[in-house]
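Written below as structure tokens is the structure these notes are about.
Numbers here simply count residues along the sequence, with the first being 1. A quick note: this is a predicted structure, and the numbers were derived from the prediction, not measured.
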Amino acid sequence: MRPIRRLPSALGSRRSNTLEQEREYSEKIQEVSYRKAINDEEAPVKMKHVRKLIIATHQDKDALLYWKLAHTLNPLSTDVTAWKFCHTLHMLLRDGHKHTMRDTIKNFDFIKNIREHFNHLKHGYGRLIVCYSELLLVKLRFHRRNPQFPSNLSVKPDDLHSIADADANNYFELAVEMFEYTECILNLYNAVFSSLDQSRANSNTRMGQCRLAPLIPCIQDSVSIYDLTVRIMFNLHKALTVDLLSGHRDRFNQQFPLLHAFYANTANLQYFKLLNITIPQLPKDPPNFLIEAELQSHVAPVVVLQPELDEDLLDGFSDTASSTGGAMGVTTDMLLALGDSDPQPPPVPPHPHPDIVDGHNGSLSDVMSERESSVVESLARQLEEERSQLQLTRSQFSHQQQQLAVTINQLQANVAQLESEMLSERAAKESIMVQVEAAAAGAEAVTRLSQEENNRRLAEEKFSKMKEVYQKLRDEHVSLIRAKAEVDRCCEAGRHSREAAEAAQRRLESRMAELEAVVAATRGSANQEKNSLLIQVAELQERLDAARAEADKQALAAREESKLQVLGCVSASTLCCSEVLQHAMLRAQSQQHAEINSTPEFTLLYENDIMNSVSKLRTLCSQYSNCSSSSVTAALISELQLYSHNTASFLLYATAASHVSPDVDKAHELLSVLESLNSSSNAMLAAVRQNQDVDQHIATIADHVTSACSLVSGCVDSSSLTDDVAEAVEREMEAMQRAIEEATRTTSNMLETARSQDTGLKLE
């Protein structure tokens with residue numbers, strides 16, 4: 001039998017087991033809530049599951065179990081689970097225990113991996129997950145650098161002053177971080193709305209609500225950030241210069257219309273209307289930070305959250321209504337206090353019957369003590385949960401208190417605006433009375449009075465709720481009428497001032513007349529000098545015209561002389577070419593040349609050269625007729641010389657080829673064609689010399705060359721079978737060399753003659 005003194009040790013062990021069972025039960029409940037909140041169903045996250053996870057962080061005073069589940073049940077399996085994971089984490093950061101932010105910062109790389117994992121996915125939830133993970137990373141970096149800010153960013157103006165330590169540098173850095181935070185929220189908003197358009201989803205479908213639900217905590221964050229940014233900017237403008245803050249103002253003015261559109265677009269969605277969420281509306285124009293008084297009229301925007309509806313009822317509504325259905329999700333601020341019931345305490349472990357206890361050397365009193373201890377621990381557990389619930393209720397009460405304070409400020413601002421409008425109406429009435437007294441003498445004033453009276457009547461109808469104020473204004477009108485005498489005295493003083501001004505004007509007019517007389521005398525002498533100058537200008541113009549005429553005459557003469565020189569050069573060149581052709585014909589008809597023979601193949605080599613020259617001459621002659629420039633003239637002379645030399649060589653070798661022709665008639669016919677070619681060439685040169693059209697002559701030359709080549713190809717040297725080929729080639733080469741030397745001497749003599757007789761441009 002076991003000793004009695006060892007019984008407490010056994011009871012302590014059983015208590016330890018009971019606590020472990022409760023811990024395991026709590027972990028199981030959180031795992032079930034995690035699985036139900038972050039599933040692959042494309043529907044909004046149910047808040048009752050998120051609420052259990054949030055309460056668990058307050059009970060455990062950390063988020064270690066949540067992150068343990070995140071690493072075990074990886075949310076990267078689908079894009080929907082990753083999207084819901086980001087949404088759930090955002091709400092835990094806002095409403096969970098304060099150590100949730102610390103534990104999440106430790107898992108910074110986990111969120112970064114989510115962003116990198118879906119960075120390649122350009123459709124579906126891919127872009128949305130990248131934007132949401134980037135927003136969470138920016139939020140973590142912000143709270144890591146600024147741990148004084150609570151996770152829900154709810155900061156009073158006095159607390160903001162103490163956080164920044166009243167230092168302009170700290171305010172400057174905070175403004176930059178706020179702008180970056182707001183930009184990430186706007187990027188997520190744009191991505192969500194763009195995906196709705198692409199997928200044809202709307203706020204009445206589960207798919208659309210799944211994408212829209214995370215915008216609720218984003219709106220809550222952006223509202224707090226906007227209020228903080230406005231206050232920070234006003235504090236900066238008190239401490240720093242306007243130019244230094246121009247970049248901050250530009251960035252704020254860029255984000256303000258985007259935030260305005262964000263709130264307006266989300267407020268019109270049926271999904272948010274069903275959730276009874278009141279989204280604030282920003283003013284039409286951004287605040288003017290250059291006017292310090294506008295800070296007093298600034299009203300912090302507030303998101304008003306109503307108690308959530310039953311989610312199962314909303315699910316049924318989404319399933320049955322095809323046009324207005326949708327899963328209903330709300331933000332976590334109201335969910336913490338208005339959800340389903342608290343988690344039930346774990347069941348008390350079963351206890352053995354007393355007889356069984358006696359069978360194990362126990363006692364009934366020990367068993368009862370153990371049962372009482374278990375019940376006490378269970379009650380302590382319930383007490384801890386009630387304390388957590390009480391803490392959440394207090395937090396909610398504090399939040400509602402802040403909302404009421406903001407509402408009071410807004411009402412006070414409205415009262416101030418009404419008072420300002422009242423003052424403006426009072427000023428309008430004063431203006432009306434002054435106009436009535438001043439316009440009593442004319443019909444036009446009566447019409448104006450009627451118009452002003454209509455305006456006054458409209459103003460009275462607009463402010464019908466402020467009759468007492470208007471009664472006071474009417475009493476003040478009486479005092480204004482009594483003050484009319486003072487106004488008349490002021491008018492009399494004004495009349496005296498006007499008379500004094502008229503006298504001064506008369507003195508100025510007299511002085512002006514004297515100055516005009518002096519100016520007239522000066523103008524007469526100036527006119528005389530002007531006429532003299534005009535005469536000189538006319539004389540100079542005549543001289544200039546005469547000089548221009550003389551210059552034009554000289555230029556014309558120079559052009560004529562240059563043209564004559566160009567014509568002389570071309571004429572001399574054509575004469576030289578004619579002499580070369582004539583010399584070649586004389587050589588071909590001489591007795592010495594009759595002994596020279598040439599092969600048809602060698603003679604036909606000149607055909608392409610002559611035809612190319614003929615083609616170029618047609619173009620150059622046309623250009624020369626239109627514009628006899630130096631470049632065209634030089635090219636024409638060069639081409640004429642080349643043509644004459646090639647044609648002369650062709651005449652010599654074609655004549656030599658006729659000597660070996662066995663057919664005498666064809667030989668005579670070839671000689672006749674060669675003479676015609678020579679005559680056509682001379683006629684073409686004469687036409688060039690006289691600057692006439694050469695197209696007909698060139699066509700005739702081309703025909704003669706073709707005929708001559710055809711006849712040359714028919715010439716066959718009958719003696720080539722017996723004569724030594726080398727000797728024949730040698731003879732032909734010597735004859736050609738002699739002809740070329742003769743032509744060279746002739747050309748050299750012509751050039752020497754030209755150098756001795758001509759100079760300058762004519763020689764060129």
Side-chain angles (χ1 to χ4, degrees), residues 12 14-38 45-73 75 84-85 87-107 110 140 143 147 150-152 154 217 307-308 311 329-349 373-400:
R14 290 179 181 178
R15 291 195 186 97
S16 177
N17 293 335
T18 302
L19 293 175
E20 290 178 0
Q21 290 176 0
E22 292 178 358
R23 179 62 180 173
E24 291 176 359
Y25 177 79
S26 176
E27 292 179 357
K28 184 177 180 181
I29 292 297
Q30 292 190 48
E31 181 179 354
V32 172
S33 299
Y34 181 92
R35 290 180 181 273
K36 290 183 178 181
I38 305 174
V45 178
K46 290 190 175 182
M47 294 299 108
K48 60 183 179 181
H49 305 310
V50 180
R51 182 169 54 253
K52 292 179 181 180
L53 295 174
I54 294 173
I55 293 175
T57 60
H58 287 279
Q59 292 174 349
D60 298 340
K61 294 182 176 53
D62 56 42
L64 296 178
L65 182 56
Y66 175 82
W67 279 107
K68 179 181 178 182
L69 293 173
H71 286 282
T72 304
L73 307 174
K84 289 186 175 182
F85 173 80
H87 184 193
T88 305
L89 178 60
H90 195 177
M91 289 187 288
L92 256 68
L93 290 175
R94 281 188 54 84
D95 303 317
H97 192 268
K98 62 180 181 180
H99 291 163
T100 303
M101 180 64 69
R102 177 199 64 189
D103 298 334
T104 305
I105 291 175
K106 295 178 181 179
N107 292 273
F110 187 89
L140 294 178
H143 287 284
S151 300
N152 58 4
S154 179
E308 65 171 295
E311 291 182 336
V330 294
T331 57
T332 59
D333 285 343
M334 296 298 294
L335 291 174
L336 294 178
L338 301 170
D340 45 16
S341 59
D342 293 333
Q344 297 295 328
V348 179
S373 175
S374 176
V375 172
V376 169
E377 292 174 356
S378 177
L379 293 175
R381 178 68 173 178
Q382 292 182 9
L383 179 61
E384 183 66 25
E385 292 176 357
E386 291 296 334
R387 287 176 179 174
S388 300
Q389 187 67 27
L390 178 60
Q391 182 179 359
L392 292 176
T393 304
R394 289 176 178 174
S395 175
Q396 178 193 3
F397 176 75
S398 176
H399 180 70
Q400 292 177 348

> Looking at side-chain heavy atoms only, is the closest gap between Y66 and T104 below 4.5 Å?
Replying inline: no
> Within a strict 4.5 Å, meaning less than it, do heavy atoms of the L93 and M101 side chains meet?
Replying inline: yes
> Does a side-chain heavy-atom distance below 4.5 Å link K36 with K48?
Replying inline: no
>> Return the CE to OG distance between M91 and S151, rounded to the nearest 0.5 Å.
In response: 14.5 Å
> Looking only at atom types and distance, does a side-chain atom of H97 sit under 3.5 Å from a main-chain N or O of T57, one as donor and one as acceptor?
Replying inline: no
> For A63, does its backbone N or O pair with a side-chain atom of T100 as donor and acceptor, under 3.5 Å?
Replying inline: no
>> When you compare the side chain of H87 with that of P217, does any pair of heavy atoms fall below 4.5 Å?
In response: yes
> Would you say D103's side chain and D62's backbone share a donor-acceptor pair under 3.5 angstrom?
Replying inline: no
> Going through the checks in order, is the side chain to side chain contact (heavy atoms under 4.5 Å, CB included) test met by E31 and T72?
Replying inline: CA-CA 10 Å; E31 181 179 354; T72 304; over 6 Å; no
> For the residue pair P75 and Y34, what are the closest heavy atoms and their distance?
Replying inline: CD-OH, 4.3 Å
> Is it true that E24 and K28 have a side-chain N and a carboxylate O under 4.0 angstrom from each other?
Replying inline: no
> Rounded to the nearest 0.5 Å, how far does CD of Q59 lie from CD of Q30?
Replying inline: 7.5 Å
> What residue among I55, V50, L53 forms side chain to side chain contact (heavy atoms under 4.5 Å, CB included) with S33?
Replying inline: L53
> About how many Å separate CG of L65 and CD of E27, when rounded to the nearest 0.5 Å?
Replying inline: 5.0 Å
